[in-house]
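Input: a single structure, listed below in structure tokens.
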Amino acid sequence: GESVGLHLPTLSVQEGDNSIINCAYSNSASDYFIWYKQESGKGPQFIIDIRSNMDKRQGQRVTVLLNKTVKHLSLQIAATQPGDSAVYFCAERGYGQNFVFGPGTRLSVLP
Amino acid sequence: GAVVSQHPSRVICKSGTSVKIECRSLDFQATTMFWYRQFPKQSLMLMATSNEGSKATYEQGVEKDKFLINHASLTLSTLTVTSAHPEDSSFYICSARDPMVWNQPQHFGDGTRLSIL
């Protein structure tokens, strides 16, 4: 079902370090996955996506890894910057065209 | 640039007032839009799926008479919070996707912060 009322876990990293944010998804039939970034007071912004026929996709400073065996998705951010501080959500497309969102992870970048 | 526009970004009003929030798709026609509610430090909670030309589909526990949804055109869905009370204060976010493109993410509006006094 949809994410409801879960408090956000937090990941703190030093500026310049790499960040890894993890997400466990629920539906083994999900065929498309997305990572979103949500800054305070704004709507989620698309970061990167991956189809289920891939296990890795790279963008600018970001990499998404998909492990279908254990239903696990991760987002790697290289050389984390203060502007990366936000809440990150994974989303999976399961039945029909609806997306199901994960509980989110708050990333705090320490100076 | 933004592909989904949401308006207004912030509303402060008295208890008992009805508030309308608009969600527009800018670059595509959206037969389906989604309305979410988000409490502080929590995830997105899907409230309803707005379907152009037909009734919205509400998630369990969401009062359809409290949260009226109208999707009268392919680029506009509205959410009206009727007779709002302080417990309706929240961050409301809409999203839409282009139905003509299969592997495309949902695009989100920038949300509406609703504060009921």
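Proteins get letters first, then strands, A, B, ... in listed order; numbering begins at 1 in each. Note that the structure is a prediction, hence the values are computed from the model and not measured.
- In this structure, the side chains of A:K42 and B:F108 stay at 4.5 Å or more apart for every pair of heavy atoms.
- Of all heavy-atom pairs spanning B:Q106 and A:Y36, the tightest one is O-OH, 2.5 Å.
- Under a cut-off of 6.0 angstrom, the local environment of CZ in A:R51 is sparse, with at most 12 non-hydrogen atoms contributed by other residues, nucleotides or ligands.
- Grouping the Ile, Leu, Val, Met, Phe, Trp and Tyr side chains by contacts below 4.5 angstrom, directly or via other members, places A:L73 with A:M54.
- Between A:Y32 and B:P105, some side-chain heavy-atom pair lies under the 4.5 Å cut-off.
- In this structure, the portion of B:Q38 lying under 4.5 Å from any heavy atom of chain A is its side chain and not its backbone.
- Remark: B:H7 NE2 is loosely packed, at most 12 non-hydrogen atoms of other residues, nucleotides or ligands lying under 6.0 Å away.
- Proximity to chain A is limited to the side chain of B:F91, based on heavy atoms less than 4.5 angstrom apart.
- Looking at heavy atoms from C-beta onward, A:F101 lies in side-chain contact with B:Y36 at the 4.5 angstrom threshold.
- Counting non-hydrogen atoms of neighbouring residues, nucleotides and ligands closer than 6.0 angstrom, the NZ atom of B:K66 exceeds 12 such neighbours.
- Hydrophobic clustering of Ile, Leu, Val, Met, Phe, Trp and Tyr side chains at less than 4.5 Å, counting indirect connections, unites A:L107 with A:I47.
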*Trace of the side-chain contact (heavy atoms from CB on, under 4.5 Å) decision for A:Q38 with B:I93*: CA-CA 12 Å; A:Q38 186 180 25; B:I93 313 172; 3.7 Å; yes
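- By the 6.0 Å contact criterion, CD on B:E87 is enclosed, its count of non-hydrogen atoms from other residues, nucleotides or ligands being greater than 12.
- Across all their heavy atoms, A:G102 and B:S43 have their closest contact at O-OG, 2.9 Å.
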